[in-house]
Amino acid sequence: MPNYYQPEIETASREQILSWQNERLVKQVHHVWNNVPYYRQKMEEKGVTPDDIKSVDDLHKLPFLTKADLRDAYPYGLMGKPLSECVRIQSTSGTTGRRVVAFYTQHDIDLWEDCCARAIVAAGGTKDDVVQVAYGYGLFTGGPGLNGGSHRVGCLTLPMSSGNTERQLQFMTDLETTILCCTPSYAAYLAESIQEAGLRDRIKLKAGIFGAEAWSEEMRHDIEKNLGIKAYDIYGLTETSGPGVSFECCEQTGMHINEDHFIAEIIDPETGEVLPEGSKGELVFTSITKEAFPLLRYRTRDICVLTRKPCSCGRTHVKMSKPMGRSDDMLIIKGVNVFPSQIETVLLEQGYPANYQIIVDRVNHSDTLEVLVEMAPDKFSDSLADIHDEEKKLVAALKTMLGIYAKVRIVSPKSITRSEGKAVRIIDKRKI
Ligand code: DLL
């Protein structure tokens with residue numbers, strides 16, 4: 001039987017959801033027009049006023065917001081409430097430019113924690129569970145978001161933060177953790193460490209809630225097998241509060257978007273045109289309940305597909321596919337679009353672990369692609385000829401997937417640095 005945290009919302013009819021969205025969108029557009037001069041100016045430039053927005057059908061009339069707008073308006077330019085009413089900020093790591101700083105009123109935090117609680121309950125969580133939160137705490141939204149959600153469900157919450165793997169395993173075994181929350185790459189690392197420490201029989205995990213970075217179905221299967229759990233995906237971004245914008249249910253075929261708080265659209269990333277359901281394109285979110293940082297039509301750069309096919313869990317909210325990569329993560333190599341997730345899929349399908357690195361360079365005016373992957377323990381061989389054969393197989397499989405040649409180097413186990421947060425897998429030397 002599926003569990004729900006807020007059944008009357010999570011299984012509401014399409015008509016009911018649309019009626020909430022229409023009412024909240026109209027209210028939100030007025031709120032932004034009256035309180036966010038930066039966005040009001042964008043609306044004026046497009047010749048739109050709040051009177052033009054009467055329902056979700058009018059959403060397309062509103063201008064987009066992009067990461068560039070967030071940088072322009074940094075730090076206070078997109079706030080919808082005075083500082084005196086805000087109680088928290090969270091922020092991105094800022095590795096690709098200026099930091100994004102998001103603001104929250106207490107009301108915003110309450111709704112965000114509800115979204116994370118829905119994700120925990122959908123993964124089977126109840127107040128009898130012990131939830132180990134091994135996402136980073138602090139400015140990153142992963143730790144605080146899942147921590148708040150876990151409290152709401154009434155679980156015993158272990159605010160571990162990421163890293164200190166030995167201590168993670170000690171608490172996991174001593175306190176009999178049942179639900180683990182962290183990035184999928186850290187989950188894979190923890191699984192490896194559990195195996196090495198011979199603790200597999202002492203862990204009581206039943207589920208994991210993993211997100212914040214792209215991970216393939218193959219990686220899910222590996223983590224599920226190695227930890228003996230069900231691994232659920234969770235999605236979100238700092239700009240929309242953090243994790244919990246969407247989450248997987250027992251069906252594990254996409255993530256339900258919390259449509260009472262966010263309106264999702266898929267657009268063509270080149271033209272900005274709204275695409276019909278089922279099309280692959282860039283995900284755009286409009287927050288309809290956030291007060292302090294009320295972003296309208298925010299372009300996430302994440303590429304995915306939305307579906308309204310009925311779900312066996314009973315939830316009625318639209319589902320998004322796993323992001324197939326970010327439009328700004330996409331590598332263009334020799335003119336060909338390459339998503340790191342395609343490379344990961346090939347490596348795992350061929351029986352290799354998700355410990356890999358992608359190195360892109362430019363030699364004599366031509367792009368080069370090199371993939372480093374760690375030797376899989378069951379393929380271990382001292383014979384160089386065997387290793388070359390394995391590399392050749394990977395080159396052929398990558399060629400079939402990507403359409404271009406990638407040099408492959410199988411390296412020794414443990415030689416690629418493990419990640420405790422979001423993994424850094426791409427080294428694009430063309431940008432250095
Ligand atoms: O990563 C929030 C989060 C924390 C989500 C914990 C899930 C769990 P940011 O650091 O702002 O926020 O990064 C947001 O990460 O636009 C996606 O590109 C990527 N991302 C987040 N979740 C997933 C996921 C957090 N489940 C950016 N699958 C987003 C693939 C994801 N990519």
Side-chain angles (χ1 to χ4, degrees), residues 65-67 70-71 89-102 104 112-113 115-116 118-120 122-123 131 133-150 161-162 179-187 208-217 219-220 223 231-248 252-258 262 264 269 282-285 293 295 298-305 319-330 339-341 344-345 354 419-426:
L65 269 176
T66 64
K67 202 140 191 158
L70 264 57
R71 289 192 194 122
I89 68 150
Q90 301 286 163
S91 177
T92 57
S93 56
T95 45
T96 55
R98 208 183 259 172
R99 281 182 179 286
V100 170
V101 176
Y104 304 70
W112 175 29
E113 291 183 352
C115 289
C116 291
R118 287 183 197 173
I120 292 171
V131 175
V133 183
Y135 284 111
Y137 278 65
L139 288 170
F140 179 55
T141 54
L146 270 307
N147 192 93
S150 175
S161 199
S162 57
I179 299 181
L180 173 66
C181 304
C182 61
T183 58
S185 46
Y186 194 41
I209 303 176
F210 306 133
E213 63 184 5
W215 53 308
S216 58
E217 279 305 318
M219 187 159 172
R220 187 211 300 268
I223 295 175
Y232 297 87
D233 205 348
I234 182 167
Y235 169 90
L237 52 162
T238 313
E239 296 89 318
T240 56
S241 281
V245 170
S246 65
F247 59 87
E248 271 185 340
Q252 294 178 300
T253 54
M255 296 176 271
H256 291 282
I257 295 174
N258 285 312
F262 303 100
E282 181 179 342
L283 188 57
V284 172
F285 281 118
F293 204 57
L295 302 190
Y298 181 67
R299 292 184 60 161
T300 63
R301 295 183 178 269
D302 291 318
I303 305 293
C304 71
V305 176
K319 280 205 277 198
M320 60 180 268
S321 65
K322 270 181 179 299
M324 296 156 191
R326 291 174 60 83
S327 50
D328 52 1
D329 254 9
M330 187 182 77
F339 284 101
S341 55
E344 179 174 304
T345 298
S419 149
E420 294 168 348
K422 298 194 193 217
V424 182
R425 294 204 162 105
I426 305 165

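When a ligand or atom number is given, it counts from 1 through the structure's own listing order.
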(request) Look at the aromatic rings of Trp215 and Phe210 and report parallel, tilted or perpendicular, splitting at 30° and 60°. (result) perpendicular
Show the atoms of ligand 1 that are less than 4.0 angstrom away from any heavy atom in [X].
X: Thr92; result: 11 (O)
X: Ala214; result: 30 (C), 32 (N)
X: Pro323; result: 28 (N), 30 (C), 32 (N)

(request) Decide whether an N or O pair under 3.5 Å exists between Ile234 and ligand 1. (result) yes
(message) Please report whether ligand 1 has a polar contact with Thr300, defined as an N or O pair separated by less than 3.5 Å (distance criterion only).
(response) no
(request) Not counting sequence neighbours, which residues clear ring-ring contact (aromatic ring centres under 6.0 Å, His included) with Tyr104? List them please. (result) Trp112
Is it the side chain (CB and beyond), the backbone, both or neither of [X] that lies under 4.0 Å from ligand 1, heavy atoms counted?
X: Glu213; answer: backbone
X: Asp233; answer: side chain
X: Asp302; answer: side chain
X: Tyr135; answer: side chain

(request) Only counting residues at least two apart or in another chain, list the ones meeting side chain to side chain donor-acceptor pair (under 3.5 Å) with Glu344. (result) Ser216, Tyr356
(message) Given Glu248, which partner from the list Arg220, Lys319, Lys322 fulfils the salt bridge (Lys or Arg N to Asp or Glu O under 4.0 Å) test?
(response) Arg220
(request) Measure the shortest side-chain to side-chain distance between Ile234 and Leu146 over non-hydrogen atoms and say whether it is less than 4.5 angstrom. (result) yes
